[in-house]
Amino acid sequence: MIKISNYKIPLSKADMPLKELAAAKLNISVCDIIDVKYLKKSIDARKKNNILIVLTISVTVKNEKSVLIKFKGNPNISSYAEYKYQFPTAVSYPERPVVIGFGPAGMFAALILAKARLRPIILERGSSAEERKKAVDIFRITGKLDTENNIQFGEGGAGTFSDGKLNTGINDPRIKYVLETFADHGAPEDILYNAKPHIGTDYLINVVQNIRKSIEELGGEIKFGAKFTGLEYDNNNCLRTIYYTQNDIATSVKTSKCILAAGHSARDVFRLLKKENVTLTAKNFAMGLRIEHLQEDLDKCMYGLNAGNIHLPASDYKLAVHLPDGNSLYTFCMCPGGEVVASSSEEKRLVVNGMSCHARNGQNANSALLVGITPKMLQDSENNPLAGMLLQEKIEENAFIAGGLDYKAPVCLVGDFLEGKESDSFGKIKPTYIPGVQFSLPDNYLPEFMLKTLRQGIPAMGKKLSLFNDPEAILTGVESRSSSPVRILRNQFYQSVSISGLYPCGEGAGYAGGITSAAVDGIKCAEALIHSIN
């Protein structure tokens, strides 16, 4: 195969068949092309009057050698071999490994273990995606929270209800397998090549159930409503037993291999591990607010007169500023055409997140607006690895109070926040958060260092993106679960430094930041587990 990279075409040629585009680039007849497919597709909108579609494509042609000779020395036309993930195989093993958590990390770990014929047992404290959606909808409509079955806990993990964004900062060949697995189980095929792939919550609810069915067909067993409650290890610090409750019945499973992928919101797990003297450490994390703009205004800002072109996706952005005092503010989990969603998992603690459906056709755009927090910024972080988690809890409790004690979210307008005054009405932008909102300044629930960073950082971001500090943009609090503030230390074999056979995994363990990187970490942990028994 031949790979054509960095192939820039104008919007006017967006409807041209891919074979014709490839033939034109290679200066051959369309008849000489056997097959062609996208490898990557992105938008270059730096020049609004000349927006380009940038392609990387693979082409199978007749007389490949002669074509490559013709373009010898051209870095954008080269030979290409498709990567295929090689599944690890396992010898016969008397015990069934356990996977705790069925988010992206646990799901892909379980899938690899199942393909190795190890028949994993998966413990998920929440319910199936279908039942979970019902609980999420009830909370949104009534404010009645199910603390074990919500946006944070349940089949698919937190990512199921946050757009299914798959772009990642890591570079690992396993990413291709992750994307292919999602596509094979019902995700849109464009995730295989879009530079910023996303599935959409509306698709993900079915996709994660289909992956679960594949695991079950391979001998895996998923136990929903199964909450991890403890572990037992021998005098040599080797894992022996995992304890859990299901239907209020205490249960255990004998195993010497367990992948712990509990997620960043499983605070009871962090406390349990600390009590069991499992080595934890505080790590960098971030907290902040959600900011909402009109998607139409953002499209005009990003695309100019081309806004509304059918070949352009709903526009997005990614911003970061480093301030003179050393603090940083950045955007994260940007949701074009999306909504701010109620994401609490604990009573009397308020949390928000963002999500979009696949079409991304909602009225507003929203993004997390996060203040970077290091362990050095926290009191007692050297002595208490849970210091960041305790700060999260305190801020969420304050936000719950600021919102009116009924899971309404505290909101204000950007202009009013910058002036330090409480808002009393909305402008052209209306909040998307359900069950409802209450006007309240972030000063009522955020610490001073975060407020200072936000008030300095938002105008600085406005210099990079003119729309950003629109006085009528809406700030909603509190975005506190963007990442785990805790890391469960593991060694080069992916096992806990404290307990042999325990594999801390994914975002909750402090080794990933998003769906794709968590899935890749799950695969790596499964590979390490399989290697340990071979």
Query - Under the side-chain hydrogen bond (donor to acceptor under 3.5 Å, both in side chains) test, residues paired with Glu292 that sit two or more places apart - result: Asn364, Thr432
Query raised in the report: Between atom CD of Glu347 and atom CD of Glu397, what is the distance when rounded to the nearest 0.5 Å?
Result: 12.0 Å
Query - Residues Lys196, Asp316; criterion side chain to side chain contact (heavy atoms under 4.5 Å, CB included); working and verdict - result: CA-CA 10 Å; Lys196 297 178 181 179; Asp316 62 6; 3.0 Å; yes
Report task. Identify whether the distance between the nearest side-chain nitrogen and carboxylate oxygen of Glu346 and Arg267 falls below 4.0 Å. Result -> yes
Report task. Check step by step if salt bridge (charged side-chain N to carboxylate O under 4.0 Å, His left out) holds for Lys524 and Glu527. Result -> CA-CA 5 Å; Lys524 288 180 177 179; Glu527 292 170 346; over 6 Å; no
Query raised in the report: With a 4.5 Å heavy-atom cut-off, do Arg349 and Ser344 have their side chains touching?
Result: no
Query raised in the report: Do the non-hydrogen side-chain atoms of Leu390 and Asn384 ever get within less than 4.5 Å of each other?
Result: yes
Requested in this report: Could you walk me through whether Thr181 and Phe108 pass the side chain to side chain contact (heavy atoms under 4.5 Å, CB included) test, one step at a time?
Outcome: CA-CA 9 Å; Thr181 299; Phe108 275 83; 3.7 Å; yes
Query raised in the report: Where does the angle between the aromatic ring planes of Tyr85 and Tyr177 fall among parallel (under 30°), tilted (30 to 60°) and perpendicular (over 60°)?
Result: parallel
Requested in this report: Answer yes or no for Arg490 and Tyr511: cation-pi contact, defined as NZ/CZ to six-membered ring centre under 6.0 Å and angle to ring axis within 45°.
Outcome: yes
Query raised in the report: Which is it for Phe400 and Tyr407 under the ring pair (Phe, Tyr, Trp, His ring centres under 6.0 Å) test, yes or no, and what are the steps along the way?
Result: CA-CA 6 Å; Phe400 180 75; Tyr407 296 104; 4.9 Å; yes
Requested in this report: Please determine if Asp268 and Arg125 form a salt bridge, counting it only when a charged side-chain N lies under 4.0 Å from a carboxylate O.
Outcome: yes
**Report entry** N/O donor-acceptor pair under 3.5 Å between Glu479 side chain and Gly288 backbone
**Finding:** no
Report task. Would you please test Thr255 and Thr241 for side chain to side chain contact (heavy atoms under 4.5 Å, CB included) and show each step? Result -> CA-CA 5 Å; Thr255 186; Thr241 308; over 6 Å; no
Query raised in the report: Is there a side chain to side chain contact (heavy atoms under 4.5 Å, CB included) between Phe139 and Lys144 once you walk through the steps?
Result: CA-CA 5 Å; Phe139 178 48; Lys144 183 179 179 181; 5.7 Å; no
Query raised in the report: Between Glu339 and Tyr433, does a side chain to side chain donor-acceptor pair (under 3.5 Å) hold up when you go through it step by step?
Result: CA-CA 7 Å; Glu339 59 185 286; Tyr433 178 92; over 6 Å; no
Requested in this report: Search all heavy atoms of Lys452 against all heavy atoms of Asp325 and return the closest pair with its distance.
Outcome: CE-OD2, 3.7 Å
Query raised in the report: Just wondering, are more than 12 heavy atoms of other shown residues or ligands nearer than 6.0 Å to CG in Asp248?
Result: no
Query raised in the report: Cut-off 3.5 Å, side chains only: do Asn149 and Arg132 have a donor facing an acceptor?
Result: no
Report summary line: Gly477 and Val352 have their tightest heavy-atom pair at O-CG1, 3.5 Å
Query raised in the report: Atom CG in Leu370, atom OG in Ser328: separation rounded to 0.5 Å?
Result: 9.5 Å
Query raised in the report: What are the two closest non-hydrogen atoms of Tyr244 and Ala226, and how far apart are they?
Result: CD1-CB, 3.7 Å
Query raised in the report: Is there a side chain to side chain donor-acceptor pair (under 3.5 Å) between Ser256 and Glu95 once you walk through the steps?
Result: CA-CA 8 Å; Ser256 61; Glu95 294 178 340; 2.7 Å; yes
Query raised in the report: Under the 3.5 angstrom rule, does the side chain of Asn491 hit a backbone N or O of Val497 as a donor-acceptor pair?
Result: no
Report task. Mark yes when over 12 heavy atoms from residues, nucleotides or ligands other than Arg140 sit less than 6.0 Å from its CZ; otherwise mark no. Result -> yes
Query raised in the report: Is there a donor-acceptor pair under 3.5 Å between the side chain of Ser345 and the backbone N or O of Ser343?
Result: no
**Report entry** NZ (Lys176) with more than 12 external heavy atoms under 6.0 Å
**Finding:** yes
Query - Arg96 versus Gly219, closest heavy-atom pair with distance - result: NH2-O, 3.5 Å
Report summary line: side chain to side chain contact (heavy atoms under 4.5 Å, CB included) filter on Ala528, not counting sequence neighbours, yields Tyr494, Tyr503
Report task. Would you indicate whether the side-chain heavy atoms of Val414 and Leu418 approach each other to under 4.5 Å? Result -> yes
**Report entry** Cationic tip of Arg240 above Tyr233 ring, under 6.0 Å, 45° of axis
**Finding:** no
Contacts table for residues 276-286: side-chain donor-acceptor under 3.5 angstrom, sequence neighbours left out:
residue : atom : partner : partner atom : Å
Thr279  : OG1  : Ser498  : OG           : 2.8
Lys283  : NZ   : Ser484  : O            : 2.7

Query raised in the report: Does some side-chain heavy atom of Ser480 sit less than 4.5 Å from a side-chain heavy atom of Val351?
Result: yes
Query raised in the report: Just how far is it from atom CZ of Phe417 to atom CG of Leu289, taken to the nearest 0.5 Å?
Result: 6.5 Å
Query raised in the report: So do the side chains of Pro442 and Pro410 get within less than 4.5 Å of each other, counting heavy atoms only?
Result: no
Query raised in the report: Between Thr245 (side chain) and Ala250 (backbone), is there a donor-acceptor pair under 3.5 Å?
Result: no
Query raised in the report: Is there a donor-acceptor pair closer than 3.5 Å between any side-chain N or O of Asp234 and the backbone N or O of Asn236?
Result: yes
Query raised in the report: Glu393 pairs by salt bridge (charged side-chain N to carboxylate O under 4.0 Å, His left out) with which of Arg481, Lys348, Arg271?
Result: Arg271
Query raised in the report: Got a donor-acceptor contact below 3.5 angstrom from the Thr229 side chain to the Tyr243 backbone?
Result: yes
Query raised in the report: In Å and rounded to the nearest 0.5 Å, what is the CG to CG distance from Leu118 to Leu529?
Result: 7.0 Å
Query raised in the report: Roughly how far, to the nearest 0.5 Å, is CD of Gln438 from CD1 of Ile401?
Result: 13.0 Å
Query raised in the report: Between Val520 and Ile170, is any pair of side-chain heavy atoms under 4.5 Å apart?
Result: yes
Report task. Would you confirm whether Gln246, through its side chain, and Phe224, through its main-chain N or O, come within 3.5 Å as a donor-acceptor pair? Result -> yes
Query raised in the report: How about Ser128 and Arg212: do any of their side-chain heavy atoms sit closer than 4.5 Å?
Result: yes
Query raised in the report: Can you tell me how far the OG1 atom of Thr331 sits from the OH atom of Tyr317, to the nearest 0.5 Å?
Result: 6.0 Å
Query raised in the report: For the residue pair Leu319 and Met461, what are the closest heavy atoms and their distance?
Result: O-CE, 3.8 Å
Query raised in the report: Any salt bridge between Glu155 and Lys223, counting N to O under 4.0 Å?
Result: no
Report task. Using the six-membered ring wherever Trp is involved, compare the ring planes of His293 and Phe468 and label them parallel, tilted or perpendicular (cut-offs 30° and 60°). Result -> tilted
Report summary line: All heavy atoms of Val486 vs all of Pro385, minimum pair found to be CG2-O, 3.8 Å
Requested in this report: Could you tell me whether a side-chain N or O of Thr160 sits under 3.5 Å from a main-chain N or O of Leu204, the two making a donor and an acceptor?
Outcome: no
Requested in this report: State, yes or no, whether a side-chain contact exists between Ile291 and Ile474 at a heavy-atom distance under 4.5 Å.
Outcome: no
Requested in this report: State whether the number of non-hydrogen atoms from other residues, nucleotides or ligands found under 6.0 Å of Phe493 atom CZ is greater than 12.
Outcome: no
